[in-house]
Amino acid sequence: MAGGWAKDGAVSEQIEASISDELARMRARKGPQGESRTHCADCEEPIPEARRAAIPGVKLCIDCATDRDTAPQTRGGINRRGSKDSQLK
């Protein structure tokens with residue numbers, strides 16, 4: 001049930017739109033490309049042959065890749081669909 005000026009199902013539509021936007025962003029993200037490095041680009045430790053064979057174009061060792069993947073990422077922009085300010089303008 002929607003309240004105020006929102007139509008019925010507006011919340012569900014907004015959730016579905018957010019999910020589809022995130023899926024599109026993830027699909028557009030490209031993996032490593034090019035030749036694999038023998039040593040990590042960050043710490044210069046050797047990258048194991050098994051990792052280079054499993055991930056073509058790998059540039060980081062497992063430790064550096066884990067650190068980079070677990071670091072908090074900020075994304076720019078505002079979700080204008082759910083913003084009350086966007087409805088007032």
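For this chain, numbers begin at 1 and follow the sequence in order.
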Closest non-hydrogen atom pair between Cys64 and Cys40, with its separation: SG-SG, 3.6 Å

Distance in Å, Arg27 CZ paired with Ser20 OG, rounded so as to fall on 0.5 Å steps: 9.0 Å

A side-chain contact here means heavy atoms from C-beta on lying under 4.5 Å apart; do Thr38 and Ile47 qualify? no

Would you please name every residue forming a side chain to side chain donor-acceptor pair (under 3.5 Å) with Glu49, sequence neighbours left out? Arg52

When you check the side-chain N and O atoms of Ser18 and Glu22, is any donor under 3.5 Å from an acceptor? no

Please name all residues satisfying side chain to side chain donor-acceptor pair (under 3.5 Å) with Asp42, sequence neighbours left out, ordered by chain then number. Arg68

Arg37 vs Glu44 side-chain heavy atoms within contact, under 4.5 Å: yes

Is there a donor-acceptor pair closer than 3.5 Å between any side-chain N or O of Lys59 and the backbone N or O of Glu35? yes

CG/Leu60 to CD1/Ile55 distance, rounded to the nearest 0.5 angstrom? 10.0 Å

